[in-house]
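Here's the structure we're looking at; comments come further down.
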Amino acid sequence: MNNELQKEQVRVNTVLDLITDKISKLTDETAQRRNEVINVRKNFWDEVKVNTDSFDDYLETVISLRQQSQLLAIGQINHKQSSNRLSALRRMKEVPYFGRINFTEEGLSETERIYIGVSTLMDETGENILVYDWRAPVSSVYYDYPPGPAEYDTPGGKVNGVLDQKWQYIIRNGVIESMFDTSLTIGDEILQHVLGKGTNKHMRSIVASIQKEQNQIIRYDKGRLLIVQGAAGSGKTSAALQRIAYLLYKYRNWIKADQIILFSPNAMFNNYVSRVLPELGEENMQQVTFQEYLVHRLSDAFQVEDNYEQLEYVLTAIDDPTYKTRTSSIRFKASTRFFETIKAYRQSLELSGMVFRGFKFRGKPVVTAKQIYERFYSTDTSLKFNNRLEKLTEWLNKQINEMEKQELKKTWVQDEIELLSKDDYQKAYKYLQKKQAKEDSFDDYEQETKVLGRMVVRKKLKPLREWVRGLRFIDIKGVYKQLFSNPTQIEQWIEGDTPENWEDICQLTLNMLDEGKLFYEDATPYLLLKELVQGFQSNVTIKFVLVDEAQDYSPFQFEFLKRLFPSAKMTVLGDFNQAIFAHASEMGDFNVLKGLYGPNETKVINLTRSYRSTKPIVEFTRRLIPGGNLITPFERVGDKPVLTQLSNREDLHSHIASKIEDLKKSEFNTIAVICKSAEESSEAYEALKDVEGIKHVKRNSVEYEQGVVIIPAYLAKGIEFDAVIIYDASAQVYGDEHLRRLFYTACTRAMHQLHLYSLGEVTPFLHDIDSEFLLLNQTIVHD
């Protein structure tokens, strides 16, 4: 073994020498290309001869501009390529590779040693590959097979062979610290090394420890929809980010990072995962929250409630008189039934029911809402809905044109002419000069007055024409309100029974709309109706859509996303054991999504092994949920979770503060005090704010903070912490069954230690968990 290690170290030294040499050469080359780009930009107009006196001069100018633009573009591309390669080499200098397979291809006698790292490295001749990119087809053998028969896909077809050996390396500062000959997919030694570290401010790349089932997620590219149901800590998000890197590598000739979009839970999560792709030498994809998209589309018309406001209401407003109505409304408006209801309602608008706005000019009606309504429904109903709207728009523009002619004769126009600026007069003069070349003679004053009059009237009418062009004569708010204005009329559009409390839901919805506000559960239905009426603003440039924490989305929202990105393949990742929103019962599980593209276009992958937490923490958390026995813990040793029961709030806060100080001494980078809600988080922060360095994370927080944080459970989703303190695991706080998943979510954030405190009687979720999995700290329980 020592002899083998020495040989491998010699190879590492050779590779690092080559990398160092390449970095030196490429650093000079990159600097040179950067200077070339700067010089082209600086002297751009010096090299362009601008002359428009004749057509030939104009043509020469255009050609000159094009040549300079191409020269600049080529320079920028070359600089970017060399800069990206330099970054990759610098990463490889830290860890040149992490794995090796000895593979004998079928039909060949020679066994090839294939080393695998974060990027490809060629030798000095450029003919031999010293290190293969982890995304290369042959690298899949490393992740997918134990020694024995193996195969991998290439553009030319399958390659079969035998995997003779598989080695894993831990290389630091140019020295092989460890190397393992393993028959497992990825040896536990590597995972122990990676998972045993403290957390960081940003999520790390997992290329050195990708598991077989994660590799299946990363490389899947057949159907339209990939569904990943994964236990807490199973590596769903990490695999999704590696998947993006793989797609950018495999389809690098036709897809760019800005053609991939990731819907993530919140802005803080975006910051948390922002380093993974750059670590792998790729640009970040577009990242957005669904809430940001809704606000972008609707904030001009409404104050839109966000999803966390809705959740905070559900968690804290149980005594509100309208609570039952609101929660019924949330569930129904999240369902596919309501999606189909909206579609049926829109279909009925073909025959009647559209709501329009009339418009005025200078205080006088141009067209009334009634006239628009009558015109729309007098149009040939055999035409498509959008074609009828086009004809209506043409008719409205004609009405504006007719009015323009009438307004030109009115005295107000002359008054406005006298107020015109010098620039406006200059425009009119240039227009008259051109017209003079075409006519033998005209009265300058009369022509000038006409031109200036037309200029004045058209300028005043421009907003009205834009208003018509934007279809703002359609009162979408009125059309949506109409759906709730008569509770009995929904029967003609809905399949099955009317929802529970429907009359109250209608009144609650109308009250909000009248205030210019939109409940979160109304935002997507409203937007869908708007799109179905005005025409869908779909985005065909996006090729891949990834939805993380997919259990937080409703079936309605997935139907909307499908139509929003008609050319995209979709990957959804989630865990229904963490489905904490009120509409979760409507989602049921991911099976409801199989109808989006059909079973032949859908692939479901289940991840049951949990890597984030130590084995004792996973053994505890999996007992909190039904079906938790299906979750497999990774064999990583650690302490049992500890429950401390206290009788008063003063003791609660003093013990939590003391525990935080103990955890700091253990050199944990991230410690989270997790609360049920934002309301409870604020109370906890007020009590604990004297703890040194403690931070309060709110829903508008942008950056994931290291150190000690107080955070609501729903904002902690998708993030992991070295140690977690459950602020109050009492029956008073977590007494209702619908909070079980929220409690589970909070507990599963812990990597190394989990401490639960209860003010009084503990939550019933812990009643059936015995001392084998939960240590009761009885020494400080107060009577």
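Quick caveat, the model's predicted, so the values are computed rather than measured.
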Using a distance-only test with no angle check, is there a side-chain donor-acceptor pair under 3.5 angstrom linking [X] and [Y]?
{"X": "Asn511", "Y": "Glu515", "answer": "no"}
{"X": "Lys481", "Y": "Ser485", "answer": "no"}
{"X": "Tyr714", "Y": "Glu312", "answer": "yes"}
{"X": "Tyr293", "Y": "Arg297", "answer": "yes"}

Donor-acceptor pairs are to be reported for all side-chain atoms of residues 574-581 against protein atoms at under 3.5 Å, with residues two or more places apart or in another chain.
from   : atom 1 : to     : atom 2 : distance (Å)
Asp575 : OD1    : Gln229 : NE2    : 3.1
Asp575 : OD1    : Asn577 : N      : 3.0
Asp575 : OD2    : Ala232 : N      : 3.4
Asp575 : OD2    : Gln578 : NE2    : 2.9
Gln578 : OE1    : Arg749 : NH2    : 3.0

message = Can you tell me how far apart CG (Asp522) and CG (Leu527) are? Round to the nearest 0.5 Å.
response = 12.0 Å
key: Rounded distance (nearest 0.5 Å) linking atom CD1 of Ile605 with atom CD of Gln214   = 10.5 Å
ask   = Would Lys676 and Asp728 satisfy side-chain contact (heavy atoms from CB on, under 4.5 Å), going step by step from the backbone distance to the final call?
value = CA-CA 8 Å; Lys676 168 187 166 184; Asp728 187 1; over 6 Å; no
If you take all heavy atoms of [X] and [Y], which pair is closest and at what distance?
{"X": "Ile260", "Y": "Met285", "answer": "O-CB, 3.3 Å"}
{"X": "Glu619", "Y": "Arg623", "answer": "O-NH1, 2.7 Å"}
{"X": "Trp502", "Y": "Phe484", "answer": "CH2-CE2, 3.6 Å"}
{"X": "Thr621", "Y": "Cys747", "answer": "CG2-CB, 3.8 Å"}
{"X": "Arg740", "Y": "Leu624", "answer": "NH1-O, 2.6 Å"}
{"X": "Ile656", "Y": "Tyr727", "answer": "CD1-CD1, 3.7 Å"}

Sole candidate of Leu294, Leu311, Val304 that passes side chain to side chain contact (heavy atoms under 4.5 Å, CB included) when paired with Tyr520 = Leu294
message = Name the residue from Thr608, Ile625, Thr748 that meets the side chain to side chain contact (heavy atoms under 4.5 Å, CB included) definition with Ile631.
response = Ile625
Side chains of [X] and [Y], heavy atoms from C-beta outward: is any pair under 4.5 Å?
{"X": "Tyr323", "Y": "Val314", "result": "yes"}
{"X": "Ser352", "Y": "Tyr373", "result": "yes"}
{"X": "Phe560", "Y": "Ser554", "result": "no"}

query = How are the rings of Phe765 and Phe743 set to each other: parallel, tilted or perpendicular (split at 30° and 60°)?
reply = tilted
ask   = Which word best sums up how the rings of Phe338 and Phe556 line up, parallel for under 30°, tilted for 30 to 60°, or perpendicular for over 60°?
value = tilted
query = Looking only at atom types and distance, does a side-chain atom of Ser677 sit under 3.5 Å from a main-chain N or O of Glu680, one as donor and one as acceptor?
reply = yes
message = Please check: side-chain N/O of Glu531 versus main-chain N/O of Gln537, any donor-acceptor pairing under 3.5 Å?
response = yes
inquiry  = Go through it in stages, so that I can follow the logic: the residues are Leu392 and Thr379, the test is side-chain contact (heavy atoms from CB on, under 4.5 Å), and I'd like the CA-CA distance, side-chain angles, deciding distance and then a yes or no.
reply    = CA-CA 8 Å; Leu392 183 61; Thr379 307; 6.0 Å; no
request  = Step by step, work out the ring-ring contact (aromatic ring centres under 6.0 Å, His included) result for Phe519 and Phe302.
outcome  = CA-CA 10 Å; Phe519 281 132; Phe302 294 101; over 10 Å; no
request  = Could you please spell out the steps behind the side chain to side chain donor-acceptor pair (under 3.5 Å) verdict for Asn501 and Thr325?
outcome  = CA-CA 6 Å; Asn501 304 331; Thr325 299; 4.5 Å; no
task = With ring-ring contact (aromatic ring centres under 6.0 Å, His included) as the test, would you mind laying out the steps for Phe376 and Phe385 before giving the verdict?
result = CA-CA 10 Å; Phe376 181 74; Phe385 192 81; 5.5 Å; yes
task = Run the numbers on Asp320 and Arg326 for salt bridge (charged side-chain N to carboxylate O under 4.0 Å, His left out), then give the verdict.
result = CA-CA 10 Å; Asp320 186 88; Arg326 177 76 197 277; over 6 Å; no
note = With sequence neighbours left out, the residues meeting side-chain hydrogen bond (donor to acceptor under 3.5 Å, both in side chains) with Ser348 are Trp493
Do any side-chain atoms of residues 592-602 form donor-acceptor pairs under 3.5 angstrom with protein atoms, and if so which ones, sequence neighbours left out?
from   : atom 1 : to     : atom 2 : distance (Å)
Lys594 : NZ     : Asn591 : OD1    : 2.9
Glu601 : OE1    : Arg224 : N      : 3.1
Thr602 : OG1    : Gly598 : O      : 2.8

